[in-house]
Amino acid sequence: MRKHVRIGLLGCGTVGEAFAELLVERRAAVADVSDITLDLVRIAVRDPDKPRSSALDPKLFTGDVHDVVKADDVDVVVELIGGTGPAGELVRTALSSGKSVVTANKELIASQGPELFAEADAAGVDLFFEAAAVAAVPILRPIRESLLAEDVRRVVGIINGTTNFMLTRMMSDGLSFDEALAEAQRLGYAEPDASADIEGADAASKIAILASLAFNQAVPVDGVSREGIVGLDREDFELAARFGFVIKLLAVAERFADPTGGADAPGAIGAQVFPALVARDHPLASVRDSFNAVFVTTSAAGELMFYGHGAGPRPSASAVLGDVVGAADQLLRGRHRHIPVGPTASLRPARELVHSYYVRADVDEAPGVLSEVTGVFGRHGVSIRTVDQRGSEQQARVVFITFPAPEHALDSALSELSELAHVRGVHRVLRIHA
Ligand code: NDP
Ligand code: HSE
């Protein structure tokens with residue numbers, strides 16, 4: 001027998017409208033495969049008088065969010081407002097009113113996930129958030145379910161669609177930073193406040209969520225060190241290409257072995273977001289436009305790759321709709337899924353994490369300058385793999401590629417370099433992902 005589940009939607013912007021349209025479009029097909037009929041009964045927005053999609057009944061819209069989160073005729077609330085306030089309070093009210101919640105809000109889950117999971121558990125309802133990390137790509141459920149018994153060592157990937165789209169357009173088509181960002185915003189990839197994308201905060205939230213689930217330790221988003229793509233220029237792209245690299249915004253989380261514990265002891269976690277040089281023949285180098293890819297390394301399964309659209313209204317709506325069907329199914333079976341939250345992770349500071357580096361500097365063209373500079377690197381324990389020097393009679397542009405060294409070693413080398421009279425400036429430092 002067909003069962004009806006009533007959906008209340010909070011927010012009908014870029015993702016919310018695509019979700020509502022997809023629900024209308026796929027409603028009959030979902031009912032055919034699942035015996036569940038999803039009824040969209042109410043949509044709360046900031047401005048109910050704004051023109052909306054012609055696929056949506058104007059009578060569904062309200063300007064009062066409580067018409068959704070407290071309504072007796074809503075079973076599942078879909079939160080697509082974004083941000084932590086008022087979205088956090090609304091999610092809490094919905095959960096405590098006995099409604100399951102589906103959200104795409106990575107900022108909220110990364111900052112308040114453990115508390116919200118506990119509130120969902122206490123209320124006996126579900127809180128699903130597949131679209132919060134890597135949009136259309138099913139990755140959270142595989143990590144939580146298929147890899148539950150696995151020992152996950154590392155999660156690394158391109159997990160922000162906006163910046164990957166921008167970097168692709170800037171490198172391949174010569175677009176300026178502002179042109180590429182405007183195009184990403186037009187296509188609905190960017191966050192309502194795009195600084196979250198370009199400054200790395202969005203990727204930091206996502207890697208905190210992925211790492212918390214993968215390592216079963218709560219990784220606070222504040223513990224993720226981050227750098228975005230602001231300031232990268234044409235010369236960076238040209239030099240990267242000359243050395244056989246592309247530039248990608250990467251997110252990396254790694255669980256280090258606990259030297260004092262057994263193999264299963266929860267070792268410290270390092271979590272970072274940074275623009276990196278990626279070798280042209282590395283699989284991540286071919287991830288272009290708004291596509292994302294995540295490699296998960298486990299002890300038994302080895303390396304797994306998840307790939308697909310990481311941003312955009314319809315891909316994100318697809319993940320939200322999948323969660324809504326899952327939440328509706330659970331509700332009808334009278335079940336909810338407990339989300340385990342391990343202890344708060346012990347985080348390894350970024351300064352102790354090890355990378356190879358690309359360093360671009362301007363130095364005076366004079367005898368002995370290069371050996372003086374390489375001597376500084378050597379004194380701080382940073383070995384140089386290659387040096388490329390080009391320039392005029394007065395000044396040279398030098399690119400150093402180093403062997404792996406901890407970040408504190410590079411930082412102290414750079415600070416001594418900045419004191420040298422012959423060093424005109426260190427213009428860029430990028431980590432290299434091998
Ligand atoms: P938008 O800014 O496009 O839409 C926000 C919606 O929320 C609008 O409909 C707005 O109403 C409504 N709203 C805002 N404030 C309130 C309020 N106080 N009360 C009621 N309604 C309110 O956001 P997006 O669709 O871009 O993002 C939504 C969420 O999806 C975010 O958490 C984002 O991180 C996430 N996400 C986005 C992806 C993407 O590719 N863009 C992918 C995956 C997740 P009104 O229309 O009247 O202004
Ligand atoms: N702004 C985000 C991105 C949306 O570009 O990846 C998907 O989470």
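Keep in mind that what you see is a predicted model, and the values were worked out from it rather than measured. Residue numbers run from 1 in the order of the sequence given. We count ligands from 1, going down the list as the structure has it; atoms in each ligand are counted the same way.
- Residues passing the ring pair (Phe, Tyr, Trp, His ring centres under 6.0 Å) test with Phe117, sequence neighbours excluded: Phe129.
- The heavy-atom pair separating Leu181 from Ala194 by the smallest distance is CD1-CB, 4.0 Å.
- Atom 17 (C) of ligand 1 has as its closest protein heavy atom Ile81 CD1, 4.2 Å.
- When each atom of ligand 1 is checked for a heavy atom of Gly11 under 4.0 Å away, the hits are 6 (C), 7 (O), 9 (O), 12 (C).
- With distances taken over non-hydrogen atoms, the option nearest atom 24 (P) of ligand 1 out of Leu10, Thr103, Thr14 is Thr14.
- Residue-ligand proximity: Arg52 is placed with a non-hydrogen atom under 4.0 Å from ligand 1.
- Thr62 and Arg42 get closest at one heavy-atom pair: CG2-CG, 3.9 Å.
- When all heavy atoms of Gly310 and Lys206 are compared, the pair lying nearest together is O-NZ, 4.5 Å.
- The nearest non-hydrogen atom to atom 28 (C) of ligand 1, considering only Val320, Leu80, Asp202, comes from Leu80.
- Between Gly98 and Val125, the shortest heavy-atom contact is O-CG1, 3.4 Å.
- Contacts classified as side chain to side chain donor-acceptor pair (under 3.5 Å) and involving residues 307-317 (residues at least two apart or in different chains) are given here: Glu25-Arg314.
- Contacts of Val65 with ligand 1, taken as heavy-atom pairs under 4.0 Å, involve the side chain alone.
- Remark: the Asp193 side chain and the Ser195 side chain contain an N/O donor-acceptor pair separated by less than 3.5 Å.
- Taking every non-hydrogen atom of Val15 and a distance limit under 4.0 Å, the qualifying atoms of ligand 1 come out as 25 (O), 30 (O), 37 (C), 38 (C), 39 (C), 41 (N).
- Side-chain N or O atoms of Asp47 include one that pairs as donor or acceptor with a backbone N or O of Asp49 at under 3.5 Å.
- When non-hydrogen atoms are compared, ligand 1 lies under 4.0 Å from the side chain of Glu191 (C-beta onward) but not from its backbone.
- Heavy-atom contacts of Pro86 reach the following atoms of ligand 1: 18 (N) (cutoff under 4.0 Å).
- Near Gly188, the atoms of ligand 1 lying under 4.0 angstrom from a non-hydrogen atom of the residue are 39 (C), 40 (O), 41 (N).
- Residue-level contacts of ligand 2 at the 4.0 Å heavy-atom threshold are Lys106, Asn160, Gly161, Thr162, Tyr189, Ala190, Glu191, Asp197, Asp202, Lys206, Gly310, Ala311.
- Within the listing of ligand 1, atoms 3 (O), 4 (O), 6 (C), 8 (C), 9 (O), 25 (O) sit less than 4.0 angstrom from a heavy atom of Gly13.
- Proximity of Ala132 to ligand 1, defined as any heavy-atom pair under 4.0 Å, is not found for any part of the residue.
- The structure places CG of Leu127 at 11.0 Å from NE2 of His336, a figure rounded to the nearest 0.5 Å.
- At the shortest separation from atom 2 (O) of ligand 1 among protein heavy atoms lies Pro192 CG, 3.6 Å.
- Sparse packing is recorded around CG of Asp72, with 12 or fewer heavy atoms of other residues, nucleotides or ligands lying under 6.0 Å away.
- Side chains of Arg92 and Gln112: a donor on one and an acceptor on the other come within 3.5 Å.
- Only the side chain of Lys50 comes within 4.0 Å of ligand 1, counting heavy atoms alone; its backbone N, CA, C and O stay farther away.
- Nearest to atom 35 (C) of ligand 1 by heavy-atom distance, out of Cys12, Gly63, Ala104, Ala131, is Ala104.
- Applying the ring pair (Phe, Tyr, Trp, His ring centres under 6.0 Å) criterion to Phe177, with sequence neighbours excluded, gives no partner residue.
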